[in-house]
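Structure first, commentary second.
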Amino acid sequence: MGYVFLKRKDLTMAHRWTNTLTRADVTPEPLWLNRRQVIAGALGAGAMASIASPALAETLEPNTWEHITSYNNFYEFGTDKEDPAANAHRLNTSGWEIEVDGLVDAPGRYSLTSLLEGLSEEERIYRFRCVEAWSMVVPWNGVELKDILDKVGVQSGAKYVAFETANRPDEMPGLRYPVLDWPYREGLRLDEALHPLTLMATGIYGKPIPNQNGAPIRLVVPWKYGFKSIKSIVRITLTDQEPATSWNMANAREYGFYSNVNPTVSHPRWSQASERKIGGGLFNRRQPTLMFNGYEAEVADLYKGMDLTTYF
Ligand SMILES: Nc1nc2c(c(=O)[nH]1)N[C@H]1C(S)=C(S)[C@@H](COP(=O)(O)O)O[C@H]1N2
Ligand SMILES: [Mo]
């Protein structure tokens, strides 16, 4: 329970994401809500029962396209929430390539197209919880990271996956400021990376992902704080060492490597027990934060025996 998790094959009316759609083609939300009814109709009785629960229906009501694409963290384009939407058009996402290296069978510089070729696009409605205690619900389109890793062949010695964002000072005005040790870097333990919830997103609401949200491809790890979900990825490295990650390097006391959403472990400067859902209406009531952001049943096993206050 706690998330809508749909394989493409479960859809009666499969919507194929295509990069020919542009922002101008459709008003996304009504289209999405329509499709969601179709999706709900295709699910079994058990799944319907959980969707029908009022509390869950409320938390999983997706944010609007406007919320998702105008309130962003993407420090390469500035540190204000409005900066990415204003500046990220400068990022040239055409001919995108990703360097895959380290402990893989087929290292190399892949075009994004070739890396995604043959993999099945899915739609996932996920809660998204920023470490700053705000949240959204986002309807992503993407492929499981596992499918990409299977394609390049993870070698037996690999224990972690490291990611890097593009580092292009001419296109990213925020790189002038030493807010973080650029390029933006993130990482996952291999079992986290292979988990079926871990997505590489290329779209939102069935449209290509806007630059401010991490075009043309970004990570989405829904049970971790948002900063783990690194944007505009140009490098994926399989390694046997826990990789250095940007926020952890900036302040290890405040931002752990794991950064699993956990309402019982406070950030040194604020509580993580509740969150403000963006677009939450007139009074913008806070809602309780859920363990592992509501994905406890799916991911708790990954951390069995670990002290989550030490490995925060
Ligand atoms: N490269 C890069 N990735 C990033 C960030 C960033 O500043 N640079 N911000 C992170 C943070 S703090 C959050 S909350 C999410 C925000 O994603 P969104 O703007 O799509 O909501 O992206 C994460 N990925
Ligand atoms: Mo964040």
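All figures in this text were calculated on a predicted structure; none of them were measured in a lab. Just follow the structure's listing: the first ligand is 1, and inside any ligand the first atom is 1.
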With no hydrogens and no angle check, do the side chains of Asn260 and Trp223 hold a donor and an acceptor under 3.5 Å apart? yes

- Task: Run the salt-bridge test on Glu144 and Arg124 with the 4.0 Å N-O cut-off and return the result as yes or no.
- Result: yes

Discussion item. For a quick check under 3.5 Å, do Thr198 and His195 share a side-chain donor-acceptor pair by atom type?
Written reply: no

With sequence neighbours left out, the residues meeting side-chain contact (heavy atoms from CB on, under 4.5 Å) with Val234 are Trp96, Ala166

Filter the ligand 1-protein atom pairs down to N or O on both sides and distance under 3.5 Å, then list them.
from	atom 1	to	atom 2	distance (Å)
ligand 1	1 (N)	Glu76	OE2	2.9
ligand 1	1 (N)	Thr165	OG1	2.8
ligand 1	3 (N)	Lys231	N	3.2
ligand 1	7 (O)	Tyr75	N	2.7
ligand 1	8 (N)	Glu76	OE1	2.8
ligand 1	9 (N)	Asn73	O	3.2
ligand 1	17 (O)	Arg218	NH2	3.2
ligand 1	17 (O)	Lys231	NZ	3.4
ligand 1	19 (O)	Asn72	ND2	2.8
ligand 1	19 (O)	Asn73	N	3.4
ligand 1	19 (O)	Lys231	NZ	2.6
ligand 1	20 (O)	Asn213	ND2	2.9
ligand 1	20 (O)	Arg218	NH1	3.1
ligand 1	22 (O)	Arg218	NH2	3.4
ligand 1	24 (N)	Ser229	O	2.9

Determine whether the side chains of Ser266 and Gln272 contain a donor N or O and an acceptor N or O closer than 3.5 Å. no

Are Lys231 and Asn213 close enough that a side-chain donor and a side-chain acceptor fall under 3.5 Å?
no

